[in-house]
Protein chains: 2
Amino acid sequence: MLLSKSCVYGVQAAIYMASLPRNEYVSIQEIAGKLNISFHFLTKVLQNLTQAGLLVSYRGPNGGVALARHSSAISLADVIDSIDGSDVFKECLFGLPGCGVADPCPAHEHWTTMRSRLHHLCSTLTLEELGKRANQLNVRLANAHGPMNPAKLLATMNGNVDATAV
Amino acid sequence: MLLSKSCVYGVQAAIYMASLPRNEYVSIQEIAGKLNISFHFLTKVLQNLTQAGLLVSYRGPNGGVALARHSSAISLADVIDSIDGSDVFKECLFGLPGCGVADPCPAHEHWTTMRSRLHHLCSTLTLEELGKRANQLNVRLANAHGPMNPAKLLATMNGNVDATAV
DNA sequence: CAAATTTCAGATAAACTACTCTTAATACAA
DNA sequence: TTGTATTAAGAGTAGTTTATCTGAAATTTG
Ligand code: SF4
Ligand code: SF4
């Protein structure tokens, strides 16, 4: 996978927040529940985003996290950068150290054009746009089942479908 | 990284073999040495490629591995498929299970176009072409330093530069 | 046949990623 | 004030990936 799972979770959570009618504090528990992500794990991921200045957080009852800027001012690349680092769009297909134009590998030329296209796409895709799409029909955000643990596994085997999925 | 390290090693080795003037048996030790890859690890990786039918192997002195077909008949995608599986070009940016057109996430449309371009690129890039480029000036194949171990680290700190790199 | 060279196979260890759990710190509400 | 809901922080666990090591099987050479 190009992105780490942490990063994917962060992106999903960000899109979820952008899909809400108003930008208000949402508890991480709610996000984790809706997206079928481990609460504790998502907490860590979103901490990265608050420290990066993309989210603001508020502790205590009715607290939670909210977008620090308008959803139109946050790009997909912003979120990815904050979690997986900016190397995602700089590193190459082969991940060799010290790559560059001066000393390229045979695939360099082909790859860099792909890579810059991908970077451009992610930089121009705003959370606003992604949030809007998330609100349209037949578009989903949540993981199908979320991380499996023995209890959940048992529940699914008993025919209980998790109803928290969007 | 999009590709696993195993896969990268396999691709590098394949390109190295394709860059040779004639397709003859090359010992894995030689390849590992030139590319600064752990010999034992590369052995396992190339086993995958031989089992996938991309390489043929021969045991004993003067044995080694060689390309099973002409380098023009092996694509980059072939190598990647054999090691990391064919999901690399099928799975999505977010790696969600059970994704598809019927139930897409907000970024689906954008991503699939990128993905198919990448797949097309890798499918049409042959080892022959990559090997030719590898033979041109200023083009390299090897890892800069290879996997570090305490002894090597010490050596580099003492100013010894590994001379096995291409 | 014996020795050397090479891939093949499997066990083991180290490193990393994903995930869980516990404890604090903070802020609101009764 | 006291209790509770919430994020913050960090330690701990499990699984996967990466790398190392050892021995066996195959093949050539002498
Ligand atoms: S030369 Fe380019 S394509 Fe090749 S490994 Fe370096 S950055 Fe990647
Ligand atoms: S809908 Fe498309 S882009 Fe979204 S997670 Fe699935 S395959 Fe990926």
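Lettering follows sequence order; numbering is per chain, from 1. Because the structure is predicted, anything quoted here is derived from the model rather than measured.
- With rounding to whole Å, A:I31 atom CD1 is found 16 Å from D:dA5 atom C1'.
- Residue contacts for A:L46: at a heavy-atom cut-off of 4.0 Å it reaches no nucleic acid atom on any strand shown.
- One can place CZ of A:F41 at 6 Å from P of C:dA18, the figure rounded to the nearest angstrom.
- Note on ring orientation: taking the six-membered ring where Trp is involved, the planes of A:F89 and A:H119 are parallel (angle under 30°, cut-offs 30° and 60°).
- A salt bridge between B:E129 and B:R133 is present, with a side-chain N of the basic residue lying under 4.0 Å from a carboxylate O of the acidic one.
- A distance-only check finds no donor-acceptor pair linking the side chain of A:R69 to the backbone of A:L54 [under 3.5 Å].
- Between A:S57 and D:dA8 there is a side-chain N or O to OP1 or OP2 distance below 4.0 Å.
- Taking atom CG of residue A:N48 and atom P of nucleotide C:dA18, one finds them 12 Å apart after rounding to whole Å.
- Within the 4.0 angstrom heavy-atom criterion, no nucleotide atom of any strand lies near B:Y25.
- One finds no side-chain N or O of B:K44 lying less than 4.0 angstrom from the OP1 or OP2 phosphate oxygen of C:dT7.
- Heavy atoms of B:Q51 sit under 4.0 angstrom from primed sugar atoms or phosphate atoms, though from no base atom.
- Across the protein-nucleic acid pair, B:F39 atom CZ and C:dC8 atom P stand 10 Å apart, rounded to whole Å.
- The residue among B:Y58 and B:S6 whose nearest nucleotide of DNA chain D lies closer to the 5′ end is B:S6.
- Side-chain N/O atoms of A:S27 include none lying less than 4.0 angstrom from OP1 or OP2 on D:dA5.
- Between the CG atom of A:L42 and the C1' atom of C:dC19 there is a distance of 12 Å, rounded to whole Å.
- Between A:S38 and C:dT20 there is a side-chain N or O to OP1 or OP2 distance below 4.0 Å.
- Whole-Å rounding puts the A:R59 CZ to D:dT7 C1' distance at 6 Å.
- When rounded to the nearest whole Å, the span between NE2 of B:H40 and P of C:dT6 equals 13 Å.
- Under the 4.5 Å side-chain heavy-atom criterion for ILVMFWY residues, a single connected hydrophobic cluster contains both A:I74 and A:L125.
- Between A:N62 and C:dA27, a side-chain N or O to OP1/OP2 separation shorter than 4.0 Å is absent.
- Where A:G60 and A:K5 each meet DNA chain C at their nearest nucleotide, the meeting point lying more 5' is that of A:K5.
- Judged by distance alone, with hydrogens and angles left aside, the side-chain atoms of A:S19 form a donor-acceptor pair with the main-chain N or O of A:Y16 at under 3.5 Å.
- Put simply, CD on A:Q47 is 6 Å from C1' on D:dA9, counting in whole angstrom units.
- The phosphate of D:dT6 has OP1 or OP2 within less than 4.0 Å of a side-chain N or O from A:Q29.
- Phosphate proximity of D:dT18 to B:Y9: absent, as no side-chain N or O sits under 4.0 Å from OP1 or OP2.
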